[in-house]
Amino acid sequence: MTGPRRPLESRTYDAPRPEPGGAVIETVASEVCGTDVHLHHGQLQGVPYPIIPGHVSCGRVLETGGIVRDVLGAAIVPGQLVTFYDVFGICGSCWHCLVAKAGTRCPHRRVYGITTSADEGLLGGWAERIELLPGVRILPLPSGLEALDFMGGGCGLPTGFHAVERAGVELGDTVVVQGSGPVGLNAAIFAQLRGAARVFVVGAPRGRLEAARRLGVEDVLDLERVPRPEDRVAWVLDRTSGRGADVVVEASGNPAAVVEGLDMVRDAGRYVVVGQYTDAGDATLSPHRHLNRRHVTLLGCWGYEYTHLHRALVMMAKHRDRFRWAELVTRTYSLDEAGTALSEMEHLAVVKAIIQP
Ligand SMILES: [Zn+2]
Ligand SMILES: [Zn+2]
């Protein structure tokens, strides 16, 4: 991706060798997500174009630079099917890391396929091989999980996990998820696994809502059929004895959804904003009605830490028969079709789009 709104280019590189403590993997699959669409529109700050997109990926280990271990201490070996924490460079020694304990806000944090330039090497998943730099955390896929199981979750898996954890969903809660993209769908899954009795999804288009139903959601509301926010709020109140949901998770990307979502949450409930990864504009709310009088807890949720990816993967391995993540993959594309994949993702024609180089 050479720059905002420029056509994608195919480039050839020398085959990479791992640095000491690093690894090189042969890409099996990488995702195309909403972030890649935003990258292609130039909506993220400080992106060092040209970049190789694809932040969450998996592949087979070709070579390691000496002995490289996973977090459990086991050596990573050639042939292993692995993924990796796409974030690296979190320093562990700055104010954000040590005092605030907010690793996802560490100023040294970097992300494969987003803040890495193609001039630095194969640091993105839309490539036949990926260089894992020293310090990048490698996670073998648990046995029984295939590449497409994991990629059906993609970056939405740890992001949805983090949002649900941050929301503090409790046993028996009623949860509304705004947005039926991969983050919203994974939030709906993890809300159920965390003990929510009832989960509702508000979103569009139809195909994504059908996916939500297959994932055990009690009911879905189609934004395209119910265009007025007040009708959507009434739909939630109708299903919650007029009180609103215990927890609402915003995973829509639309600033207006935040005001609407605050109207869907009950008094003393919790609201988590995870869908505003790029600045899509402002929203106006009433501090009296939406916050103070409602006695609501309002939380932001930025990125995910290693722990979220690790535990999300454990849960995926355990619950893959109940939640069929692989079925969220609507279509796979070759590298040459990456432009088509981007455009189909932009128009929400797919739930999860995967590049298989
Ligand atoms: Zn730091
Ligand atoms: Zn993503």
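On a predicted model such as this, the values are computed, not experimentally measured, just so you know. Just follow the structure's listing: the first ligand is 1, and inside any ligand the first atom is 1.
- One side chain, Gln178 or Tyr271, offers a donor N or O that lies under 3.5 Å from an acceptor on the other.
- The SG atom of Cys33 and the NE2 atom of His55 subtend an angle of 110° at the Zn ion (ligand 2), given to the nearest 10 degrees.
- Between the side chain of Tyr85 and the backbone N or O of Tyr304 there is at least one donor-acceptor pair closer than 3.5 Å.
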Take Asp222 and Arg206, measure what salt bridge (Lys or Arg N to Asp or Glu O under 4.0 Å) needs, and give me the verdict at the end.
-> CA-CA 7 Å; Asp222 189 338; Arg206 193 90 229 127; 3.2 Å; yes

Could you check Asp246 against Arg266 for salt bridge (Lys or Arg N to Asp or Glu O under 4.0 Å), going step by step and ending with a plain yes or no?
-> CA-CA 6 Å; Asp246 301 298; Arg266 67 163 167 87; 2.5 Å; yes

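- Restricting Glu31 to its N, O or S atoms, the one at the least distance from the Zn ion (ligand 2) is OE2.
- The number of protein N/O/S atoms found under 2.8 Å from the Zn ion (ligand 1) is 4.
- Of the possible polar contacts, none joining the Arg225 side chain to the Leu221 backbone as a donor-acceptor pair under 3.5 Å is found.
- For Gln80, there are no side-chain hydrogen bond (donor to acceptor under 3.5 Å, both in side chains) partners two or more places apart in sequence or in a different chain.
- Nearest heavy atom pair, residue Trp126 against residue Ser30, reads CD1-OG, 3.6 Å.
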